[in-house]
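Right, one structure below, let's go through it.
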Amino acid sequence: MGKRKIAVLPGDGIGKEVARGAVEILKAVGEQFHHEFQFSYGLIGGEAIDVEGSPLPQDTVSLCQNVDAVLLGAVGGPKWDENPPQLRPEKGLLQIRKSLNLFANIRPVSSHSSLSDSSPLKKEIIENVDFVIVRELTGGLYFGKPSGRSVENGEEFVVDTLYYKREEMRRILTTAFELAMSRNKKVTSVDKANVLESSKMWREVAVELSKEYKEVTLEHMLVDNAAMQLIRNPRQFDVIVTENMFGDILSDEASMIVGSLGMLPSASLSTSGPNLYEPIHGSAPDIAGKEIANPIAMILSASMMLKHSFNMVEEAEAIEKAVDSVLAAGYRTADVQQFGKRTVSTTEMVELVKAALAEDNAITNIMSAYA
Ligand code: NAD
């Protein structure tokens, strides 16, 4: 296998801690399966503001444009909360999505049987849940212009614009239909068509496209109902597709099915350049530096990278299996702690996954080293 170039953008807070863990796991996979992964590091977010005066320096964009895939930790933190809009860490995140044309964010949600007690939901509700949220990532309220504060006739006002081209809706909905074809052939299109003009067009495009995917069942669901259905009966979903902000909110909600934000990975796909892989969580300033962040969302994002960008299916599945076996063996970071289970730090969790990758019984050996 040839060399694969990976850009790593750790970002801020726990982004750095979990990105370090994912790189460790990728190095182990590289050795085990004889692949050469070459890692190059770039600045993004708050640290990039401090060092370069910009949340997304041009060097970082150039780096990402010249690799096979990008791994991103998370950005943000209270230090930069009062900065003007252009100097907010989150701006770096939005800009990298736009620069790499990452229009589709794929967020798989499946329950792990060994974590069923970690979810605030009842066991019988979360059992065998397996769906994917397809979130539009480069349009909608987070990008529309005008956006900002102003004063008119002495009165302060604020505006955010929800803007989508028909074609932008078509391409994300196409991604969802294609994904459904490889799964259980059901698409739930989430919108607010009873109120929003953008949602009415979204629904029209979904119906148009469904004629090209006759095997796929299309259903429409209003976003408020979808928020409720995710908790009431998450097993009903196969592929959920929705616009940027609705997808952002619904996927955080969906993380409670698995038990923690620290468990859910994502892939951001583009039509042309490299894809980007990142956990769905943020930089978690409340736990940053404490060595308690759950690295699994980031590790599983790296596994998605192997599968989607490098077609290394066996390698990706080896990571998933290693994570499952560590959880099944009873090890947990604090966010998914359960009575009677062993709490481990971020580094310990990474070491455990590495050990499980290498050989099944190594988990016991490695933990005795920590005892
Ligand atoms: P957050 O996702 O960072 O944290 C929400 C809660 O979940 C916190 O209590 C945190 O401790 C916990 N949590 C998140 N990831 C965890 C993990 N891996 N292990 C254990 N616990 C975890 O969201 P927030 O607190 O609303 O935002 C914090 C900062 O992150 C803000 O600056 C926000 O703008 C930014 N943010 C960045 C991204 C991103 O980089 N993709 C996404 C969301 C928020």
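Each ligand, and each atom within it, is numbered from 1 in the order the structure gives.
- Each of the atoms 32 (O) of ligand 1 lies under 4.0 Å from some heavy atom of Gly77.
- The nearest non-hydrogen atom to atom 10 (C) of ligand 1, considering only Asp286, Asn294, Asp335, Thr333, comes from Asp286.
- Tested against Asp335 for a side chain to side chain contact (heavy atoms under 4.5 Å, CB included), the candidates Asn294, Leu261, Ile287, Ile292 yield a single pass: Asn294.
- In the vicinity of Ala293, heavy-atom distances shorter than 4.0 Å reach the ligand 1 atoms 19 (N).
- A donor-acceptor pair is defined here as one N or O able to donate and one able to accept, closer than 3.5 Å; no such pair exists between the side chain of Asn153 and the backbone of Glu155.
- Below 30°, between 30° and 60°, or above 60°: for Phe237 and Phe131 the angle between ring planes is above 60°, a perpendicular geometry.
- Atom CD of Glu31 sits in a sparse spot, with 12 or fewer heavy atoms from other residues, nucleotides or ligands closer than 6.0 Å.
- No hydrogens or angles considered: a donor-acceptor pair under 3.5 Å links the side chains of Thr347 and Glu291.
- Heavy-atom proximity to Gly262, at under 4.0 Å, picks out these atoms of ligand 1: 17 (C), 18 (N).
- At the shortest separation from atom 39 (C) of ligand 1 among protein heavy atoms lies Leu93 CD2, 3.4 Å.
- In summary, the atoms of ligand 1 found under 4.0 Å from a heavy atom of Glu278, numbered by their order in the structure, are 41 (N).
- With respect to atom 7 (O) of ligand 1, the closest heavy atom belonging to the protein is Leu261 CD1, 3.6 Å.
- An N or O contact shorter than 3.5 Å is missing between Asp81 and ligand 1 by distance.
- For atom 27 (O) of ligand 1, no protein heavy-atom neighbour is present inside the 4.0 Å cut-off.
- Within the 4.0 Å heavy-atom cutoff, Pro285 counts among the residues contacting ligand 1.
- Short contacts between ligand 1 and Ala74, defined as distances under 4.0 Å to a heavy atom of the residue, involve ligand atoms 40 (O).
- Within 6.0 Å of NZ on Lys123 lie no more than 12 heavy atoms contributed by other residues, nucleotides or ligands.
- Distances between N or O atoms of Gly282 and those of ligand 1 include at least one value under 3.5 Å.
- Side chain of Ser147 to backbone of Asp160: no donor-acceptor contact under 3.5 angstrom is found.
- The shortest N or O to N or O distance between Ala284 and ligand 1 is below 3.5 Å.
- Among protein heavy atoms, atom 29 (C) of ligand 1 sits closest to Ser283 OG, 3.3 Å.
- Under a 3.5 Å cut-off, the side chain of Lys91 and the backbone N or O of Pro85 do not form any donor-acceptor pair.
- If you number the atoms of ligand 1 from 1 as listed, the ones under 4.0 Å from a heavy atom of Gly76 come out as 32 (O).
- Taking the six-membered ring where the residue is Trp, His35 and Phe37 present tilted rings, their angle falling between 30° and 60°.
- Counting only heavy atoms, the protein gets under 4.0 Å from atom 3 (O) of ligand 1.
- Between the side chain of Glu204 and the backbone N or O of Met201, no donor-acceptor pair lies under 3.5 Å.
- Scanning all protein heavy atoms for the shortest distance to atom 14 (C) of ligand 1 gives His281 CB, 3.6 Å.
- The nearest protein atom to atom 40 (O) of ligand 1, hydrogens excluded, is given as Val75 N, 2.9 Å; this is a heavy-atom distance.
- Contact analysis leaves Ala297 out of contact with ligand 1, as no non-hydrogen atom separation drops below 4.0 angstrom.
- Protein heavy atom nearest atom 21 (N) of ligand 1, with residue, atom name and distance: Ile287 CD1, 3.5 Å.
- A donor-acceptor pair is defined here as one N or O able to donate and one able to accept, closer than 3.5 Å; such a pair exists between the side chain of Glu168 and the backbone of Lys165.
- Against a heavy-atom cut-off of under 4.0 Å, Ile14 is close to the following atoms of ligand 1: 15 (N), 16 (C), 17 (C), 18 (N).
- Of the possible donor and acceptor atoms, none in the side chain of Ser199 sits under 3.5 Å from a partner among the backbone N and O of Asp191.
- Ligand 1 has a nitrogen or oxygen under 3.5 angstrom from a nitrogen or oxygen of Glu90.
- Side chains of Leu300 and Val323 form a contact here, defined as non-hydrogen atoms less than 4.5 Å apart.
- Ser270 contributes no side-chain N or O that, together with a main-chain N or O of Leu102, makes up a donor-acceptor pair within less than 3.5 Å.
- Under 4.0 angstrom from ligand 1, there are no non-hydrogen atoms of Pro89.
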